[in-house]
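Only one structure is covered here, and it is reproduced in the block below.
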Amino acid sequence: MSVGQKLYEGKAKILYTTEDPAILLTHFKDDATAFNAQKKGSIVGKGEINCAISTHLFNLMEANGVPTHFIDRPKPNEMRVKSVKIIPLEVVVRNIAAGSLCLQTGLELGTILKHPLVEFYYKNDQLGDPLLTHDRLRLLDLATDDQVDQLIKMAKRINDLLSAFFQQCDITLVDFKLEFGVDSSEQILLADEISPDTCRLWNQNETDSDRRVMDKDRFRRDLGNVEEGYRQVLERVLRRDEG
Ligand code: UDP
């Protein structure tokens, strides 16, 4: 597949057109950013690792009836995806209190939530991706009421599937961010990626609160061994798929 024009370059991925207008090519970069790109760096091998983990998790979703934009993975750090119109929302699902939830509510890190929380953030770097109320979401016409209902249902289903899968890898799925797109027949598809860049993942074999971190918090909080954390996640995901 020949690479077409660069359509968009984000913080962690580049999107190219292909000869088929219905298909785009995503290139996963080693670049890492945090705190709305105020912190920048590179994680060796991250592009390939995240592309591989996302591929496995998108396949898991499809196998369980969750439609995604994933088509295939022609190269280790490249994914072919269906072209969709991205809904400008970051849908965050939380099982355990961490990150901004602790900062904004005072809940202690590690508090197990009674029910998974589904939150919507406005995907807008200039505004710093603010948390949205349902009324603000409607006010801005970011999604229809019916789409919001569908997004909540899909996010909960994806959480059930991912939590159970990671549990089998001895990994706790703390929280994660999803993005969705709409295809030409108005169907909502899971898009973007599912990787240690977008999930908080805790190693169940470690009790120490820093050592257990296997995700981008290693980069955000300068915990070191960032690549090793990501690699461990991939190893366990692959082992689980073979098992
Ligand atoms: N997240 C993400 N991209 C963002 C913001 C958050 O992938 O722009 C993920 C983050 O990795 C975590 C979850 O969403 O798994 C919840 O993040 P939180 O709101 O706690 O924000 P943070 O503490 O990361 O700023």
Side-chain angles (χ1 to χ4, degrees), residues 8-13 26 28-41 43 46-47 49-51 53-54 57-58 68-69 86-113 115-133 136-137 142 151-152 154-156 158-159 161-163 165-166 169 171-181 190-203 209-210 212-223 226 229-230 233 237:
Y8 170 79
E9 178 156 3
K11 293 169 208 146
K13 297 189 289 296
T26 309
F28 284 68
K29 302 196 284 186
D30 286 355
D31 296 353
T33 64
F35 311 118
N36 205 4
Q38 287 175 49
K39 180 180 170 102
K40 289 186 182 156
I43 302 168
K46 176 170 87 78
I49 296 172
N50 280 358
C51 190
I53 294 172
S54 278
L57 298 177
F58 280 140
T68 78
H69 72 159
I86 291 289
I87 301 172
L89 292 173
E90 300 198 336
V91 182
V92 168
V93 184
R94 302 177 187 275
N95 297 304
I96 293 177
S100 68
L101 182 66
C102 294
L103 290 175
Q104 292 170 7
T105 64
L107 274 176
E108 197 182 328
L109 174 71
T111 307
I112 296 169
L113 308 183
H115 304 286
L117 206 61
V118 179
E119 298 176 329
F120 293 96
Y121 292 80
Y122 188 11
K123 195 170 144 59
N124 184 316
D125 282 341
Q126 265 183 329
L127 298 175
D129 298 343
L131 177 64
L132 291 172
T133 62
R136 285 188 184 185
L137 213 152
L142 298 175
L151 291 175
I152 294 172
M154 286 176 83
K156 287 183 177 168
I158 292 164
N159 183 42
L161 293 167
L162 286 180
S163 294
F165 179 80
F166 278 120
C169 303
I171 293 173
T172 301
L173 179 61
V174 175
D175 60 27
F176 56 99
K177 183 261 305 184
L178 301 170
E179 292 184 29
F180 293 88
L190 176 63
D192 195 46
E193 67 183 293
I194 313 173
S195 74
D197 267 8
T198 60
C199 303
R200 284 198 171 92
L201 301 166
W202 289 353
N203 183 352
S209 62
D210 286 350
R212 70 185 172 190
V213 174
M214 307 176 87
D215 56 74
K216 196 161 136 186
D217 273 349
R218 297 209 74 81
F219 171 76
R220 289 190 190 98
R221 294 168 46 208
D222 291 320
L223 297 177
V226 185
Y230 279 55
V233 174
V237 166

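Just follow the structure's listing: the first ligand is 1, and inside any ligand the first atom is 1.
- Which parts of ligand 1 touch R200 is read off a 4.0 Å heavy-atom cut-off, strictly below it: atoms 12 (C), 15 (O), 16 (C), 17 (O), 18 (P), 20 (O), 22 (P), 23 (O), 24 (O).
- Scanning all protein heavy atoms for the shortest distance to atom 20 (O) of ligand 1 gives S100 N, 2.9 Å.
- Of all atoms in ligand 1, listed by their number and element, those nearer than 4.0 Å to a heavy atom of D197 are 7 (O), 11 (O).
- Taking every non-hydrogen atom of E90 and a distance limit under 4.0 Å, the qualifying atoms of ligand 1 come out as 4 (C), 5 (C), 8 (O).
- Across all their heavy atoms, K29 and K46 have their closest contact at O-NZ, 3.7 Å.
- Contact annotation for K216 and ligand 1: no heavy atom of the residue comes within less than 4.0 Å of the ligand.
- Interface of V92 with ligand 1, defined as ligand atoms under 4.0 Å from a residue heavy atom, comprises 14 (O), 16 (C).
- One finds a salt bridge joining D175 and R200 here, because a Lys/Arg side-chain nitrogen approaches an Asp/Glu carboxylate oxygen to under 4.0 Å.
- Closer than 4.0 Å to atom 6 (C) of ligand 1 lies none of the heavy atoms of the protein.
- Looking at C199 against ligand 1, only its backbone comes within 4.0 Å, counting heavy atoms.
- Distance remark: protein heavy atom present below 4.0 angstrom from atom 18 (P) of ligand 1.
- A donor-acceptor contact closer than 3.5 angstrom links the side chains of S163 and N159.
- Given atom 12 (C) of ligand 1, the protein heavy atom at minimum distance is D175 OD1, 3.1 Å.
- For ligand 1, the atoms closer than 4.0 angstrom to any heavy atom of D129 are 8 (O).
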